Engineer: 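Submitted below is the structure of interest, expressed as structure tokens.
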Number of protein chains: 2
Amino acid sequence: MSSAGTPERADSARVVESFGPRRVLRPSVKVLPEQARAHNRSLVLQTLYRSGPLSRADLARETGLTRVTIGDLVGELIAESLAHELGVRIDATRPGKPATLVDLHRDGHRIVGLDLSDTDVFRGALIDLNGTILQRRDADARGLTGDEATAAVVELARSLVELADRPLLGIGVGSPGIVDLSGTVLSAPNRGWVDEALQARLEREFATPVIVANDANAAALAEYGFGGASADLMLITVGYGVGAGLLLDGTPLFGSRFAAGEIGHVVVGTDGGDACACGKRGCLETWLAVPRLTARLDSGLDRETVLRQAGERLGIALAPIVGALNLSEVVLSGPPALLEGALAAATVETLRQRTMAQFHGELTVRMTSLGEDIVMRGTAVMVLSARLGVS
Amino acid sequence: MSSAGTPERADSARVVESFGPRRVLRPSVKVLPEQARAHNRSLVLQTLYRSGPLSRADLARETGLTRVTIGDLVGELIAESLAHELGVRIDATRPGKPATLVDLHRDGHRIVGLDLSDTDVFRGALIDLNGTILQRRDADARGLTGDEATAAVVELARSLVELADRPLLGIGVGSPGIVDLSGTVLSAPNRGWVDEALQARLEREFATPVIVANDANAAALAEYGFGGASADLMLITVGYGVGAGLLLDGTPLFGSRFAAGEIGHVVVGTDGGDACACGKRGCLETWLAVPRLTARLDSGLDRETVLRQAGERLGIALAPIVGALNLSEVVLSGPPALLEGALAAATVETLRQRTMAQFHGELTVRMTSLGEDIVMRGTAVMVLSARLGVS
DNA sequence: TTTGTTAGTACACCTTACGAACAAACATTT
DNA sequence: AAATGTTTGTTCGTAAGGTGTACTAACAAA
């Protein structure tokens, strides 16, 4: 190692994302037995989370691990009160020793989820491990920017943390704007945030795991985790602006600058369009954002025509994406009165007309089933994933 | 077991470690020590591949593993003749026992790569571990379909396998059409292939690891592995048809039906266009495919105008994709005389006009530097990744 | 009561990686 | 020339993880 780098420097115990000139194979990180154990532990947690109460033998069959190992891991989880025994199974049809059921301690922990996507209000909720919202708290957010906005977020979080009657699994936050992997809001124009280290701030404040992510990504995770969506999914959020969250093989896509999903200011079509605040003409937002839609509807234009046109434009914008990613599911989130019906129908119709239909036999475009809670429940998924998921 | 006192304490202590990665709950597979070993073994292979000859101590520093473990792993690799010692390092400036350098046995193995993307010819090459093409063999492919085409592929592979003077690491094939993860060509209209199990066939024939993948995906891997491209990349292939290969974080994207990248028949723009063989009007192929371009140029239209228009249309089609995925690099593969210059310039210009430029400050659109060998060298990357890479 | 099945655990064993210690081989200093 | 210090690579014993085998407990069916 004479030419490149000094050997002594490499005392750091792991290989970080070092950019070699020719990275055919991706340098990874060493794996120790300890991490293998953590992986298997997560596997047990996930299996319990998905498949409800199970016996240790069930877990062994499901995971492929032996009953011995499962017994050990379950013991560890019970000792940490992440899991607990429910007593013997009453299903007495089978011979043999009756199984003692084990389950996640679903009522033993709470999650705090915050949704900062609305212009006027910060929404928060206390959520259990099933994603059920137990309590809600809102905070007025009109006009809040910079430190003021941050302070309001902290206070809203505090009110919910104090409400929690069980140990907190973590705090999840869905924020508008560009959010990097460390939970720093790189840019959120509406709040005047630039490089706002929201996750670090909340972690310091509450000494609890915190995950801050983009609101549309959180929504996509909610649709996957609680909405029954598939693992390849594009979720379109329509509100004051237009955004998207992309899930590929169950993993959120972030993009090279963490700006994946920012499709609001992509120009749609080749026939002009209205002027946009960004300076261009015909951005997707000029066709689809709620203020634009309501303005058009209020101006007396035919409702059906306006909504169909918006749906068509969405379809035009999505067609290359759906084609390139071979997506089979697009979910819309926003005011149902606007999105449902004509708009969604026009979108799917346009998509079919502009892509190779045979690759998308099951292409669906539908409204979310999670309503206004989608982002908050998505943040719960993020916390669950970070605390229980596989690394 | 938790030797850390109360459950609550152990709980929050574990938090920090299991934190960071963002992956949704996804049933995974158990990890045994054996697989951890395989992972670390791959880590050593990758480090050697990237950083040339290294001593065992270098490897230990680089990977974070101990010299002991590295010694063991290297011994294993040498026993399999995947690696070999090069003698002591001549760099005598440092004190201490001189290091014995170890490197991949780069000249100890061969890869056979096949490129089936051309209409008229099947291209093949014998490739070494550095991706250098040692020998070439072509086969006439005009009009070949079905079993005939398959037989020609097998024979081309055989001629190259027989040429190999070293043990074969594997055979890589880049095929047009839709290819699933098992290397079955689900659909390749030009060859009349439907559910053609090409990979299985070749594996049976040569008793060697074989990887069959889509040609555009292979090309994208080549650009990443040998062309100096970043890990987030879209590679556009322009030829008889138009296709794309997507690399996200270094991993090829396949899509829900393995049809990711099939953008040739996405309709571009909202102002009509020529009729396409697929039945629609204004597909990307009608603007960009080589036969269409040459026809237009031959018809006496202004060369600059024709190429600029094609580039604009490509930009229009790519804008939503680049925006949604936050891509920073687009690479073109095809006839340089057509793609370089006006066409590429118009593409990048259009992209900047139709997306949010600030998210793509470094957005580049360029020709591949690998020329006609791009697919074959990409198949070498696939083989290298499968044989040496992390699973 | 006997037989067969299922659940969960105890124990020995294998694999993996680590830390400590050491010899070999060199440069530098005394 | 000898002593000192540095670096390399190996040997040895140890800790952690998981498995396989064998065991007990608890039940149903004959």
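The model shown is predicted, which means the values in this text are computed figures rather than measured ones. Every heavy atom of this structure was used, including side-chain atoms; hydrogens, water molecules and symmetry mates were not. Order of the sequence lines sets the chain letters (A, B, ...), proteins ahead of strands, with each chain counted from 1.
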Engineer: Taking the side chain as C-beta and beyond, is there a heavy-atom pair between B/Phe254 and B/Asn217 under 4.5 Å?
Structural biologist: yes
Engineer: What is the distance, to the nearest angstrom, from the CD atom on B/Gln35 to the P atom on C/dC14?
Structural biologist: 20 Å
Engineer: Does this structure show an ion pair linking B/Arg56 with B/Glu85, if we count only N-O contacts that are shorter than 4.0 Å?
Structural biologist: yes
Engineer: Under 4.0 Å between a side-chain N or O of A/Asn40 and OP1 or OP2 of D/dG18?
Structural biologist: yes
Engineer: Which one, C/dA7, C/dT16, C/dC18, comes nearest to the side chain of B/Val68?
Structural biologist: C/dC18
Engineer: Phosphate oxygens OP1/OP2 of D/dG9: is one of them under 4.0 Å from a side-chain N or O of B/Ser55?
Structural biologist: yes
Engineer: I need the CG-C1' distance between B/Leu77 and D/dG9, as an integer number of Å.
Structural biologist: 16 Å
Engineer: Just the rounded figure in Å: distance from P of D/dG18 to CG of A/Leu32.
Structural biologist: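 One finds 13 Å between P of D/dG18 and CG of A/Leu32, rounded.
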Engineer: Flag the pair B/Asp72 and B/Arg41 as a salt bridge only when some basic side-chain nitrogen lies within less than 4.0 angstrom of an acidic carboxylate oxygen.
Structural biologist: no
Engineer: My understanding is that only one of B/Leu59, B/Asp58, B/Leu65 makes a side-chain contact (heavy atoms from CB on, under 4.5 Å) with B/Thr47; could you say which?
Structural biologist: B/Leu59
Engineer: For a quick test of reading the model: is some side-chain N or O of B/Thr69 closer than 4.0 Å to OP1 or OP2 of C/dC18?
Structural biologist: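 It does, given that an N or O in the side chain of B/Thr69 lies less than 4.0 Å from OP1 or OP2 of C/dC18.
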Engineer: When the distance from CZ of A/Arg37 to P of D/dT19 is rounded to whole Å, what number comes out?
Structural biologist: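 Atom CZ in A/Arg37 sits about 11 Å away from atom P in D/dT19.
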Engineer: Round to the nearest Å and state the distance from B/Arg41 atom CZ to C/dT15 atom C1'.
Structural biologist: 16 Å
Engineer: Over how many whole Å does the gap from B/Glu76 atom CD to C/dT15 atom C1' extend?
Structural biologist: 12 Å
Engineer: Do we get A/Arg201 above A/Phe206's six-membered ring, with its NZ or CZ under 6.0 Å from the centre and within 45° of the axis?
Structural biologist: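 Pair A/Arg201/A/Phe206 does not count as cation-pi.
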Engineer: Would you kindly give the CG-to-P distance between B/Asp72 and C/dG19, to the nearest whole Å?
Structural biologist: 15 Å
Engineer: Atom pairs, N/O to N/O, protein against nucleotides 1-3 of chain C, distance under 3.5 Å?
Structural biologist:
none

Engineer: Check the interface with nucleotides 22-25 of chain C: list each N/O to N/O pair with the protein under 3.5 Å, or write none.
Structural biologist:
| from | atom 1 | to | atom 2 | distance (Å) |
| --- | --- | --- | --- | --- |
| C/dA25 | N3 | B/Lys97 | N | 3.1 |

Engineer: Can you tell me if B/Thr66 touches the phosphate of C/dC18, counting only side-chain N or O atoms and a distance under 4.0 Å to OP1 or OP2?
Structural biologist: yes
Engineer: Have a look at B/Ile111 and tell me which of B/Leu129, B/Ile171, B/Leu168 forms a side-chain contact (heavy atoms from CB on, under 4.5 Å) with it.
Structural biologist: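 For B/Ile111, the side-chain contact (heavy atoms from CB on, under 4.5 Å) test succeeds with only one of B/Leu129, B/Ile171, B/Leu168, which is B/Leu129.
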Engineer: If you measure from the Lys or Arg side-chain nitrogens to the Asp or Glu carboxylate oxygens, is any gap between B/Arg110 and B/Asp128 under 4.0 Å?
Structural biologist: no
Engineer: Whole angstrom is fine here: how far is it from CG in B/Leu65 over to P in C/dG19?
Structural biologist: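 Atom CG in B/Leu65 sits about 11 Å away from atom P in C/dG19.
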Engineer: State, yes or no, whether a side-chain contact exists between A/Glu223 and A/Arg377 at a heavy-atom distance under 4.5 Å.
Structural biologist: no
Engineer: Report yes if a side-chain nitrogen or oxygen of B/Arg61 is closer than 4.0 Å to either non-bridging phosphate oxygen (OP1 or OP2) of D/dT8; otherwise report no.
Structural biologist: yes
Engineer: Quick check on B/Glu76: does its CD atom have over 12 non-hydrogen neighbours (other residues, nucleotides or ligands) under 6.0 Å away?
Structural biologist: yes
